[in-house]
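The structure appears below as structure tokens.
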Amino acid sequence: MTDIILRNFSRYASTYDQYAQIQRRVSSELLNQIQDNGISGILEIGCGTGNFTLALRDRFKQAQ
């Protein structure tokens, strides 16, 4: 099953962002709910094309 997911994601990765409106909306809402209580490290699992990772990096500049 994971091979199918990997193969399909890889096949459509170049167009993923243009169809990822719901992912952008959910990630924006999630980002607004995260309180910065001295966050020093971030590990994002399942980051897709990395848009949420970039938003996390921008919001929590001190974190690794």
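Residue numbers start at 1 and run along the sequence shown.
- Under the rule for a side-chain hydrogen bond (donor to acceptor under 3.5 Å, both in side chains), the partners of Asp17 that lie at least two apart in sequence or sit in another chain are Thr49, Asn51.
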Legend entry - side-chain contact (heavy atoms from CB on, under 4.5 Å) between Ile39 and Leu56, worked out: CA-CA 11 Å; Ile39 293 175; Leu56 287 167; over 6 Å; no
Side chains of residues 25-32: which donor-acceptor pairs under 3.5 Å do they make with residues two or more places apart or in other chains?
| residue | atom | partner | partner atom | Å |
| --- | --- | --- | --- | --- |
| Arg25 | NE | Glu29 | OE2 | 3.4 |
| Ser27 | OG | Gln23 | O | 3.0 |
| Ser27 | OG | Arg24 | O | 3.0 |
| Asn32 | ND2 | Ser28 | O | 3.2 |

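- Residues near Tyr12 contribute nothing to a hydrophobic cluster around it, because no ILVMFWY side-chain heavy atom sits closer than 4.5 Å to its side chain.
- Around atom CD of Gln64, no more than 12 heavy atoms belonging to other residues, nucleotides or ligands sit under 6.0 Å away.
- Think of Leu43 as one node in a network of Ile, Leu, Val, Met, Phe, Trp and Tyr side chains linked at under 4.5 Å; its network also takes in Ile45.
- With sequence neighbours left out, the side chain to side chain contact (heavy atoms under 4.5 Å, CB included) criterion links Asn37 to Gln35.
- Under the side chain to side chain contact (heavy atoms under 4.5 Å, CB included) criterion, Leu54 pairs with Arg57, sequence neighbours left out.
- Residues forming a side-chain hydrogen bond (donor to acceptor under 3.5 Å, both in side chains) with Asp36 (at least two apart in sequence, or on another chain): Gln62.
- Scanning all heavy atoms of the two residues, the minimum distance from Gly41 to Ala63 falls at N-CB, 3.9 Å.
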